[in-house]
Amino acid sequence: MRRGSIIYTRVCFRLSAAKCFHSKRSEAHGQLAAYCYTGIFMLRVRFAPSPTGFLHIGSARTFIFNWLYARHNGGAMILRIDDTDVERNTAASLESIFEGLRWLDMAWDEEHHQSERLALHREMADAIFRKGLAYRDFTPAQAGEAEKSGAHGTWLFNPDMREMPREESDRRAAAGEPFALRFRVPRDIVRHVRFADGVYGEQSKATADIEDFALLRSDRMPTYHMASCADDADLRISHIIRGQDHLTNTFKHILIFEALGVELPQFAHLPLLIAPDGTKLSKRRHGPVVSVTTYRDAGFLPHAFVNFLCLLGWSPKDDRERMSREELIEAFSLEGINRSNAVINFSEEDPFDPKAVWLNAESIRAMPVEELADRLAPVVRAAGFAVAREQIVKIAPLVRERIKLMRDVLAVADFFFVKELPPYDPAELIPKKGDAALAIKVLEEAQQTLAQTEFSHDALEAALRSASGRLGIKAGQMFEPIRVAVCGRKTAPPLFGTLEALGCEKCLHRIGQAIGKLQSL
RNA sequence: GGCGCCAUCGUCUAACGGUUAGGACGGAGCCCUCUCAAGGCUCAAAUACGAGUUCGAUUCUCGUUGGCGCUACCA
């Protein structure tokens, strides 16, 4: 995280890009367009979170779309931490952002922190002031607030400040009176700020409807608009892809870019992710489901999560839904992004969108056993079970089609991990159309059979089926009591694989206990 | 309030102005089956409303309604 340097370079980093960055890093703020010294256009996108909360899934999606756009076009992905709000920044939040991004496993090519570039922001703000395109506003920080945000009138500017003679302004500034620097939005002529959004198309807004927004606060800290534009220009961002909540801010940003005399980047705004109640996602209102780490901790696979987020507000325009990372990169384009907000479907009972869960289950099913075992192992160990990897490898195929989230393994396969089964109702041991006596008979027969059978799936099945024949009962009636005796419940993974994975000793022990329970009924 | 944006099944979405409005998730049912899953098949389910343009509007235009965003010396 050193100043303005490239500290995070990993896979996907293009050699040409590297050359480009190094060669032109020092060439300051003249041109925004991202051409490198060879004259070849260099596409550069950025993700700019502010560390004022955990990494939220909407932000994660913005990051992912930027990343896909960069990778699809062979461009560079820049991570920029927008930490100019010193009041609200927290180290924990910064950590949460990195944690979340690392989990997504999508590397960025450059990293910058705005707090280390304040001099640049101020310099650019002052340059705008020197051109007469900004003015000092000496209104005390709080005072103006009330009248501005009055219920009816729209606040645009304060004429006293805007029209203040330069001499008076200079004198008061020299006297040390604090002031905010405001952009002087053109008002003498009717003008529309226009741009073509990559998603929303032609956009236009009259300057008469744009207020004189602040560039610098009275403590000389840059505002978001100033810092963001200054850095976008300096870092030669070619495409700004961000949430639709910035669509109307873009008009202000264009005014800043113009005042700076730099070329405009391309803009593309993303439809917002909203909660089922139609409001935007917030931790206070919707709880931890809006945080990326919640998904990670519940046992989502990073790619399934990415896949899910991609499907919210974007479509490959064909019927594909499950897509690999390569397919996503290949298929991604701004044309596939639609314009209406997307609801993430969650509730108190189901904290995760069913589609996300399904995508995750699909990934799990498609995963090789060894890999699944490696991912399951930490979950099992974190729950306090000391289980050998080879045991987990045996269990993995039994749970693969029965878990949707990694953490489900604890509920589905707990009986593999415990020494002693938790208590269960002995009545569960009694098979359909049978009684306790039959259950005992079945279990005793099973004990004998298992004791002299090889513990492999096929041998076990053959032995138990013929045992049921000997007893003159249906196979199902034979299997039921054994399943409950061994698993402690009626629903469990397939019996023979379960017996094999559990091993002879444990099976016989548990069947013995079950017989005991039945006898004391 | 002002300004901007959006509107297809419950949810995510597809549809050169001409389709029985398609797919997916979820739901329901059937099949398979040692339980539970997985899998296969089937069903229910949508163009917000009103005008206009057109031989013909989900699609183009206008209006209505609803929703979202911005309107901070937050980002």
Side-chain angles (χ1 to χ4, degrees), chain A residues 48-53 82-85 87-88 137 139-142 144-145 148-156 178-182 197 200-201 203-206 208-211 213-225 227-228 243-252 269 271-272 274 276 278-280 308 311-322 338-346 350 353-359 361 365 398-404 412 461 464-465 468 474-480 482-484 487 489-496:
Chain A
S50 65
T52 53
D82 280 10
D83 51 358
T84 55
D85 185 359
E87 301 286 313
R88 299 196 306 154
D137 181 351
T139 311
Q142 244 65 28
E145 204 98 347
K148 276 181 207 172
S149 39
H152 347 274
T154 308
W155 179 87
L156 289 173
F179 60 86
L181 196 66
R182 285 187 183 281
D197 189 89
Y200 289 90
Q203 301 294 313
S204 147
K205 184 167 183 171
D209 292 320
I210 302 173
E211 73 282 3
F213 53 94
L215 261 22
L216 293 181
R217 301 183 247 241
S218 48
D219 59 1
R220 295 225 4 114
M221 279 298 282
T223 61
Y224 159 72
H225 302 300
S228 178
Q244 196 238 50
D245 47 345
H246 288 295
L247 189 62
T248 39
N249 285 332
T250 304
F251 299 106
K252 297 175 191 169
H269 289 87
L272 264 23
I274 57 176
T279 62
K280 75 173 178 185
F308 168 67
L311 262 17
L312 294 174
W314 173 81
S315 157
K317 302 288 184 189
D318 51 34
D319 285 340
R320 282 183 293 174
E321 301 228 285
R322 296 156 39 192
N338 48 40
R339 303 194 235 274
S340 47
N341 293 345
V343 172
I344 293 212
N345 208 358
F346 61 81
D350 289 298
D353 191 307
K355 196 135 191 181
V357 173
W358 173 74
L359 244 13
R365 278 173 224 133
L398 297 172
V399 302
R400 183 160 55 176
E401 277 149 12
R402 274 159 267 266
I403 61 173
K404 295 181 189 310
V412 171
E461 173 161 14
L464 290 175
R465 281 192 190 278
S468 70
K474 290 190 167 187
Q477 289 179 295
M478 180 85 201
F479 303 155
E480 263 183 88
I482 301 174
R483 173 177 298 111
V484 175
C487 304
R489 57 172 172 263
K490 280 184 167 164
T491 57
L495 186 59
F496 314 115

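Residue numbering restarts at 1 for every chain, and letters A, B, ... go by the order of the sequence lines.
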Please determine whether any donor N or O and acceptor N or O are separated by less than 3.5 Å between the side chain of [X] and the base of [N].
{"X": "A:Ser340", "N": "B:C6", "value": "no"}
{"X": "A:Lys355", "N": "B:A24", "value": "yes"}
{"X": "A:Arg402", "N": "B:C36", "value": "yes"}

Under 4.0 angstrom, heavy atoms only, what part of the nucleic acid is A:Glu87 near: base, sugar-phosphate, or nothing?
nothing
Write down the partner of [N] under the Watson-Crick or G-U wobble criteria, each distance required to be under 3.5 Å.
{"N": "B:C70", "value": "B:G2"}
{"N": "B:U65", "value": "B:A7"}
{"N": "B:G17", "value": "none"}
{"N": "B:C30", "value": "B:G40"}
{"N": "B:U58", "value": "none"}

Which nucleotide sits closest to the side chain of [X]: [options]?
{"X": "A:Ser218", "options": "B:G4, B:G10, B:C73", "value": "B:C73"}
{"X": "A:Ser315", "options": "B:U71, B:C34, B:A14", "value": "B:A14"}
{"X": "A:Asp319", "options": "B:A38, B:G23, B:C34", "value": "B:G23"}
{"X": "A:Asn338", "options": "B:A37, B:A72, B:A14", "value": "B:A14"}
{"X": "A:Asp85", "options": "B:C34, B:A75, B:U11", "value": "B:A75"}
{"X": "A:Asp209", "options": "B:G23, B:C6, B:C3", "value": "B:C3"}
{"X": "A:Leu312", "options": "B:A38, B:U11, B:C12", "value": "B:C12"}
{"X": "A:Ala342", "options": "B:U13, B:U71, B:C73", "value": "B:U13"}
{"X": "A:Thr84", "options": "B:A75, B:U13, B:U35", "value": "B:A75"}
{"X": "A:Gln203", "options": "B:A75, B:C73, B:C5", "value": "B:C5"}

A:Asp353 with A:Lys355: basic N within carboxylate O range, under 4.0 Å
no
In terms of side-chain geometry, is the basic nitrogen of A:Glu211 or A:Lys252 positioned less than 4.0 Å from the acidic oxygen of its partner?
yes
Between [M] and [N], how far apart are the [atom1] atoms? Round to whole Å, please.
{"N": "B:A44", "M": "B:G23", "atom1": "P", "value": "12 Å"}
{"N": "B:G39", "M": "B:G4", "atom1": "C1'", "value": "49 Å"}
{"N": "B:A46", "M": "B:U11", "atom1": "P", "value": "12 Å"}

With heavy-atom distances below 4.5 Å as the criterion, would you say the side chains of [X] and [Y] are in contact?
{"X": "A:Trp358", "Y": "A:Arg322", "result": "yes"}
{"X": "A:Leu247", "Y": "A:Gln203", "result": "yes"}
{"X": "A:Arg402", "Y": "A:Pro494", "result": "yes"}

Whole-Å distance, A:Glu321 CD to B:G22 P, equals 16 Å
What is the distance, to the nearest angstrom, from the NE2 atom on A:His269 to the C1' atom on B:A75?
13 Å
According to a strict under-4.0 Å criterion, is A:Arg182 in side-chain N/O contact with OP1 or OP2 of B:C73?
yes
How would you summarise protein contacts on nucleotides 39-45 of chain B per nucleotide, using B for base, S for sugar-phosphate only and - for none, with heavy-atom distances below 4.0 Å?
S------
If you assign A:Gly476 and A:Ala48 each to the RNA chain B nucleotide with the nearest heavy atom, which residue ends up on the more 5' nucleotide?
A:Gly476
Of A:Phe479 and A:Val343, whose closest RNA chain B nucleotide lies nearer the 5' terminus?
A:Val343
Restricting to nitrogen or oxygen on both sides, can you table the protein-nucleotides 65-69 of chain B pairs closer than 3.5 Å?
from  : atom 1 : to       : atom 2 : distance (Å)
B:C68 : O2'    : A:Asn341 : ND2    : 3.2
B:G69 : O2'    : A:Asp245 : O      : 3.3

If the condition is side chain to side chain donor-acceptor pair (under 3.5 Å), which residues does A:Asp85 pass it with, not counting sequence neighbours?
A:Arg88
